[in-house]
Amino acid sequence: ALSVARATSLDADLIAYLESLSARAYFFVYGVRESAGRRLLRFLRRDWPAAVRNLLPETWVSLALLVAGTIIGAVLVTRDPSWYASFVPQELASGRDPSASTESLRRTLYDGDGQPLLLLASFLFTNNAKVAILAFALGFAAGVPTALLMLSTGGMLGAFLVLFQMHGLLVPLIGWLMIHGTTELFAVVLAGAAGFRIARAVVFPGALSRTAAVQAAGRQAAVVMT
């Protein structure tokens, strides 16, 4: 009716009414029929967990690489403390290195004003966020950069643990890291899994073209990265 009216009618009010009616009908048929709150709740309760379960094989690979990096870092620093600088950036160390005394390391954990811990937490959060984004974004390169990022992140963690263990401060350090490290490292592992899903599509596209396979994998991984 709108098409006919536009072609034959000179009644502007009729055309405006039909346009308004068509617009309302379009949003009724194709529009979202739930509130933003309900949509968010459905995403958290169903969509996101389903996407994470879909990446379970890649998640195990990502976690295995992180654990392997932690073991490698811990073993190398235990045998030769000079390896510490290879795993822990200088801006993160800030005096937390093999040359530090037990008392100075203890102050970084228990200092009353909390400034050293605040700086460390800020750097770790920024670093982990950067690692997570890069692990996902570089998955297209057959997953090699993603794997290296998982290993290097684990190596840094292992070096840190050994440093404090040498001074009898391993348990306090683990207690502090669990406050934020649990969620941040979990996010890094999931980002690595998302990157590996894209890498899997690049290397093994299956029946689809490589471009179509990567697009499908990217849509799946993007839900997890949200």
Side-chain angles (χ1 to χ4, degrees), residues 40 43-45 47-74 76-77 84-97 105 108-111 114-139 143-165 169-199 220-226:
L40 177 61
F43 174 79
L44 295 176
R45 294 181 60 181
D47 296 347
W48 190 79
V52 172
R53 287 193 298 270
N54 190 44
L55 294 184
L56 189 59
E58 290 83 1
T59 301
W60 283 116
V61 172
S62 181
L63 178 61
L65 288 171
L66 183 68
V67 172
T70 302
I71 295 174
I72 292 171
L76 290 178
V77 175
Y84 184 85
S86 301
F87 292 107
V88 181
Q90 185 177 0
E91 56 269 28
L92 172 59
S94 300
R96 304 175 185 87
D97 53 49
L105 290 176
T108 64
L109 294 175
Y110 295 107
D111 194 359
Q115 189 66 21
L117 287 180
L118 178 61
L119 294 176
L120 177 60
S122 299
F123 181 87
L124 286 175
F125 178 82
T126 303
N127 180 76
N128 289 336
K130 180 173 67 175
V131 168
I133 293 172
L134 288 175
F136 169 64
L138 296 177
V144 175
T146 302
L148 293 177
L149 283 169
M150 293 298 105
L151 289 171
S152 64
T153 301
M156 182 175 65
L157 177 61
F160 233 102
L161 293 175
V162 168
L163 172 66
F164 280 79
Q165 186 272 332
L169 297 171
L170 179 60
V171 173
L173 175 67
I174 291 177
W176 183 82
L177 288 175
M178 286 178 64
I179 298 173
H180 68 90
T182 302
T183 54
E184 289 182 22
L185 291 177
F186 179 59
V188 169
V189 169
L190 288 182
F196 285 130
R197 172 53 61 91
I198 295 177
Q220 295 173 350
V223 176
V224 174
M225 290 298 295
T226 301

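- Scanning for side-chain contact (heavy atoms from CB on, under 4.5 Å) contacts around Ala51 gives Val223, Val224, with sequence neighbours left out.
- Considering all non-hydrogen atoms of both residues, Gly192 and Ser62 come closest at CA-OG, 3.7 Å.
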After noting the C-alpha distance and the side-chain angles of Val77 and Leu163, does the key distance pass the side chain to side chain contact (heavy atoms under 4.5 Å, CB included) rule? CA-CA 8 Å; Val77 175; Leu163 172 66; 5.8 Å; no
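- In this structure, OG1 on Thr146 lies 5.5 Å from CZ on Phe196, to the nearest 0.5 angstrom.
- Among residues two or more places apart in sequence or in another chain, the salt bridge (Lys or Arg N to Asp or Glu O under 4.0 Å) test is passed with Asp47 by Arg39, Arg42.
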Please report, to 0.1 Å, the donor-acceptor pairs under 3.5 Å made by any side chain of residues 148-161, with sequence neighbours excluded.
from: Ser152; atom 1: OG; to: Leu148; atom 2: O; distance (Å): 3.2
from: Ser152; atom 1: OG; to: Leu149; atom 2: O; distance (Å): 3.0
from: Thr153; atom 1: OG1; to: Leu149; atom 2: O; distance (Å): 2.8

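- A distance of 10.0 Å separates CD1 of Ile71 from CG of Leu66, quoted to the nearest 0.5 Å.
- Across all non-hydrogen atoms, the minimal contact from Ala199 to Gly143 is CB-N, 3.3 Å.
- Of all heavy-atom pairs spanning Ala191 and Ala132, the tightest one is CB-O, 3.2 Å.
- No option in Thr126, Leu134, Ile133 other than Leu134 meets the side chain to side chain contact (heavy atoms under 4.5 Å, CB included) test with Lys130.
- Partners of Ala187 according to the side-chain contact (heavy atoms from CB on, under 4.5 Å) rule, which considers only residues two or more places apart in sequence or in another chain, do not exist here.
- Counting all heavy atoms, side chain and backbone alike, Thr226 lies closest to Ala222 at OG1-O, 2.8 Å.
- Interatomic distance, CG of Leu190 versus CG of Leu63, reported as 10.0 Å (0.5 Å rounding).
- Within the model, atoms CG of Asp97 and CG of Leu105 stand 8.0 Å from one another, a figure rounded to the nearest 0.5 Å.
- Residue pairs meeting the salt bridge (Lys or Arg N to Asp or Glu O under 4.0 Å) criterion with at least one member in residues 59-70: none, sequence neighbours excluded.
- In terms of the side-chain contact (heavy atoms from CB on, under 4.5 Å) criterion, residue partners of Leu76 (sequence neighbours excluded) are, by chain and number, Ile72, Trp83, Phe87.
- Among pairs with a residue in residues 48-68, those fulfilling salt bridge (Lys or Arg N to Asp or Glu O under 4.0 Å) read Glu58-Arg197, Glu58-Arg200, at least two apart in sequence or across chains.
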